[in-house]
Amino acid sequence: MENPEVLSAPASNAMEDYYRLQAQLLRLTVVFSAIIFFSVWFGYSLHIALNYLIGACVGVVYLRMLSKNVERLGQSAGGVSGGRLALVALLILVASQWNQLEIMPAFLGFLTYKAALIGYTLWAAIPSD
């Protein structure tokens, strides 16, 4: 018979790795958002940059909700969360109806979390010597 502590050690270690990955992805998303925000401000205008920043903030919230959903995977029999999709739909709806917001910068800001994921994946794929 196997020791239960031995069986739970790899799962605990895996969750620590997951939390570390989650924190790194959130930090990287915030850094990408800040760099792009200042670049857009310099290249276009503060108005467009703020539209981008609103979308980037929604993207960070979306990434956080996604990571919480992944964390609960296997613990419950719940289905796909509709809250994340509603968040994106709300962003686009508000941007299209409110004259002060522009759809394209807000949507591109939302997609910043994907750029951070791609950047992290490429960085992790390069072997370190």
Side-chain angles (χ1 to χ4, degrees):
M1 194 155 149
E2 294 191 29
N3 188 354
E5 292 177 11
V6 172
L7 292 176
S8 66
S12 173
N13 195 17
M15 286 308 290
E16 288 175 15
D17 290 343
Y18 172 71
Y19 292 134
R20 193 174 314 113
L21 172 66
Q22 179 183 0
Q24 288 173 341
L25 288 175
L26 283 172
R27 272 193 305 265
L28 190 61
T29 302
V30 169
V31 168
F32 273 32
S33 298
I35 291 170
I36 296 171
F37 169 75
F38 287 112
S39 299
V40 170
W41 187 4
F42 180 73
Y44 291 98
S45 68
L46 180 60
H47 174 73
I48 299 295
L50 289 174
N51 282 285
Y52 166 81
L53 189 61
I54 289 170
C57 289
V58 171
V60 168
V61 171
Y62 180 88
L63 182 62
R64 185 77 177 129
M65 290 171 71
L66 181 63
S67 66
K68 288 295 183 184
N69 197 3
V70 168
E71 184 179 338
R72 286 190 306 261
L73 216 78
Q75 294 176 357
S76 65
V80 177
S81 174
R84 292 189 321 268
L85 183 59
L87 189 66
V88 178
L90 183 65
L91 171 68
I92 299 302
L93 181 68
V94 168
S96 68
Q97 296 300 315
W98 197 13
N99 292 336
Q100 299 297 320
L101 289 179
E102 309 225 5
I103 295 173
M104 191 57 74
F107 184 67
L108 292 175
F110 170 75
L111 293 178
T112 303
Y113 84 94
K114 289 197 179 275
L117 287 171
I118 291 169
Y120 181 84
T121 302
L122 292 175
W123 181 260
I126 297 172
S128 60
D129 291 336

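We use all heavy atoms of the structure for the numbers below, so side chains are in, but hydrogens, waters and symmetry mates are not.
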Out of curiosity, [X] [atom1] to [Y] [atom2], how far, rounded to the nearest 0.5 Å?
{"X": "Leu63", "Y": "Leu25", "atom1": "CG", "atom2": "CG", "value": "6.5 Å"}
{"X": "Leu28", "Y": "Trp123", "atom1": "CG", "atom2": "CH2", "value": "10.5 Å"}
{"X": "Met104", "Y": "Ile48", "atom1": "CE", "atom2": "CD1", "value": "11.0 Å"}
{"X": "Leu101", "Y": "His47", "atom1": "CG", "atom2": "NE2", "value": "7.0 Å"}
{"X": "Thr112", "Y": "Ile35", "atom1": "OG1", "atom2": "CD1", "value": "11.0 Å"}
{"X": "Ile126", "Y": "Thr121", "atom1": "CD1", "atom2": "OG1", "value": "11.0 Å"}

Closest approach of [X] and [Y], non-hydrogen atoms and distance?
{"X": "Asn51", "Y": "Pro105", "value": "CB-CB, 3.8 Å"}
{"X": "Leu26", "Y": "Arg64", "value": "CD1-CD, 3.9 Å"}
{"X": "Gln22", "Y": "Ser67", "value": "NE2-OG, 3.0 Å"}
{"X": "Ser96", "Y": "Ile103", "value": "CB-CD1, 3.5 Å"}

Hey, can you tell me if Phe37 and Trp41 have their rings parallel, tilted or perpendicular (30° and 60° cut-offs)?
->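 Phe37 vs Trp41 ring planes: tilted.
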Under 30°, 30 to 60°, or over 60°: which ring-plane class applies to Tyr62 and Phe110, parallel, tilted or perpendicular?
->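 Ring orientation of Tyr62 relative to Phe110: perpendicular.
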In one Ile/Leu/Val/Met/Phe/Trp/Tyr side-chain cluster, 4.5 Å: [X], [Y]:
{"X": "Leu90", "Y": "Leu111", "value": "yes"}
{"X": "Val61", "Y": "Ile36", "value": "no"}
{"X": "Leu117", "Y": "Leu21", "value": "yes"}
{"X": "Leu50", "Y": "Val94", "value": "no"}
{"X": "Leu53", "Y": "Tyr113", "value": "no"}

Might you work through the side chain to side chain contact (heavy atoms under 4.5 Å, CB included) test for Ile92 and Phe107, ending with a clear yes or no?
-> CA-CA 7 Å; Ile92 299 302; Phe107 184 67; 3.8 Å; yes
So [Y] and [X], do their side chains get closer than 4.5 Å, heavy atoms only?
{"X": "Ile54", "Y": "Leu91", "value": "yes"}
{"X": "Tyr18", "Y": "Val70", "value": "yes"}
{"X": "Met65", "Y": "Asn69", "value": "no"}

For Tyr52, ring-ring contact (aromatic ring centres under 6.0 Å, His included) partners two or more places apart =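 Partners of Tyr52 under the ring-ring contact (aromatic ring centres under 6.0 Å, His included) test: none.
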